[in-house]
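Whatever order the structure lists ligands and atoms in, that order sets their numbers, starting from 1.
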Amino acid sequence: MSLEKTKVYDLVSGVEKKYTRYFDTIDEIALNNQEKVLKAFQDARVESRHFVGSSGYGYGDEGRYKIEEVFSLIFGSEASLVRVQFGSATHAIVMSLRALLKPNDTLFSVTGKPYDTVYNSIKSTGQGSALEDYGVKYADVNLIDGKTIDYDAIKEYLRTNKPKVVFLQKSRGYMWREALTIADIKIISDLVKEISPQSIIFVDNCYGEFVETKEPCDVGADVCIGSLIKNPGGSISPTGAYICGTKKCVDEISSFFYSVNINDEIGSYEAGYRLLFQGLFMAPHIVAQSMKCALLFSGVYNELGYEVMPKIERYRGDITQSIKLNSNEELIKFCKGIQEASPVDSHLMPEPWEMPGYSDKVIMAAGTFVQGASIELSADAPVNEEPPFIVYLQGGITYEHCKLALIKTLTNTSE
Ligand SMILES: *Cc1c(COP(=O)(O)O)cnc(C)c1O
């Protein structure tokens with residue numbers, strides 16, 4: 001589709017006017033979260049000396065301890081491990097599952113198949129290092145029609161099985177499904193605690209942070225993990241991931257990640273921690289920018305007749321916006337529009353490629369300052385020859401940029 005610029009401007013301002021109150025709601029959430037983050041910095045008495053890094057083993061690294069203290073306060077957890085040594089959120093999630101699950105234990109996912117890169121480290125393919133290869137068992141329950149949690153199936157499973165870990169993925173991932181909200185997570189966690197109190201409630205919180213005013217550990221999760229190049233890094237953190245949770249779980253995870261008895265007491269980062277603190281401080285605002293971006297794309301594409309998930313009116317649990325396009329060509333064109341509107345690599349053309357850890361070819365449009373940081377405006381899609389042709393859009397660190405990019409996707413005439 002290629003529309004006239006004036007028509008697109010009218011569409012955009014029409015959507016902004018018609019749905020003002022949904023945009024306003026996002027400002028309210030951001031204000032709440034900013035207050036929470038500010039209070040955590042103050043209660044933890046963050047000082048500029050905490051920005052200084054360490055070298056070697058990193059014993060007594062005060063900046064590292066301080067950023068972890070601040071994360072625990074914000075995420076409502078007893079303990080946390082916030083480390084730049086995690087190469088990605090997948091790394092932190094898979095490593096934590098390996099730490100918590102022993103041979104013959106069961107991992108039970110209540111939100112269907114986990115995110116591609118995580119799932120590939122669960123299912124055995126005969127290569128030898130997936131959880132199943134170590135004797136861990138796996139079971140799951142899908143959402144009903146991609147929308148509703150299947151409480152009956154979960155209850156039935158938990159009555160006869162006692163999984164060591166109950167796994168929840170908050171965000172939609174590459175699925176035509178809704179994100180979980182904190183209210184959903186509370187219901188699931190209450191239910192698990194009632195029927196199978198020994199189970200560890202484990203949340204993949206990627207893309208979910210600061211979207212609502214509470215976080216998973218506030219409502220009963222035992223472990224909650226996400227990426228620092230997504231929401232809680234506020235587009236400023238250069239790398240890393242966080243794990244928040246009960247002291248027992250976080251200790252078990254760090255003794256696996258580092259070594260027994262050493263636990264979290266080593267790990268240096270000579271470059272220092274300022275960007276982690278500053279990114280975390282900015283995260284509520286940056287997440288709000290990306291939420292408004294999602295609302296705008298949702299509203300405008302829906303007005304043009306496309307099926308979108310979620311719709312603009314819907315209460316959101318993550319920053320991702322899915323749009324069902326009509327063909328592969330439209331999908332690739334959409335991604336090219338996003339790429340051309342980027343501040344970095346705008347002259348490069350995204351092509352579908354076999355990205356490590358994903359099952360389909362994936363096209364990714366991202367011209368980001370931090371490599372692959374999807375809190376910056378980015379769009380990606382698994383590429384298949386058959387429908388549905390769904391593009392997943394997320395991020396955007398200024399709403400103005402998102403608006404320009406949206407206009408680009410609709411007015412782009414280049415092939
Ligand atoms: C991005 C994402 C991951 C993986 O994070 P990486 O840092 O890219 O490894 C896992 N789960 C969900 C829901 C995600 O959005």
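- The closest side-chain donor-acceptor pair between Y315 and E212 falls under 3.5 angstrom.
- Considering backbone and side-chain N/O of A89, one or more are found under 3.5 Å from N/O of ligand 1.
- By the 3.5 Å distance cut-off applied to N or O atoms, Q169 is not counted among the residues near ligand 1.
- Counting only distance, with no hydrogens or angles, the side chain of S268 and the backbone of G56 share a donor-acceptor pair below 3.5 Å.
- For atom 2 (C) of ligand 1, the closest non-hydrogen atom on the protein side is K230 NZ, 2.4 Å.
- Taking a 6.0 Å sphere around CG of D145, one finds it holds 12 or fewer heavy atoms contributed by other residues, nucleotides or ligands.
- Ring-centre distance between Y138 and F108: not below the 6.0 Å cut-off.
- Summary of contacts: the protein heavy atom closest to atom 11 (N) of ligand 1 is D204 OD2, 2.6 Å.
- The nearest heavy-atom contact from the protein to atom 9 (O) of ligand 1 is T90 OG1, 2.5 Å.
- Atoms of ligand 1 found under 4.0 Å from any heavy atom of S88 (numbered from 1 in listed order, with element): 6 (P), 7 (O), 9 (O).
- Ligand 1 lies out of reach of K170, whose nearest heavy atom is not under 4.0 Å from it.
- Expressed to the nearest 0.5 Å, how far NZ of K336 lies from CD1 of I363 amounts to 6.5 Å.
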**Request:** Could you please spell out the steps behind the side chain to side chain contact (heavy atoms under 4.5 Å, CB included) verdict for F210 and I319?
**Result:** CA-CA 9 Å; F210 303 120; I319 63 168; over 6 Å; no
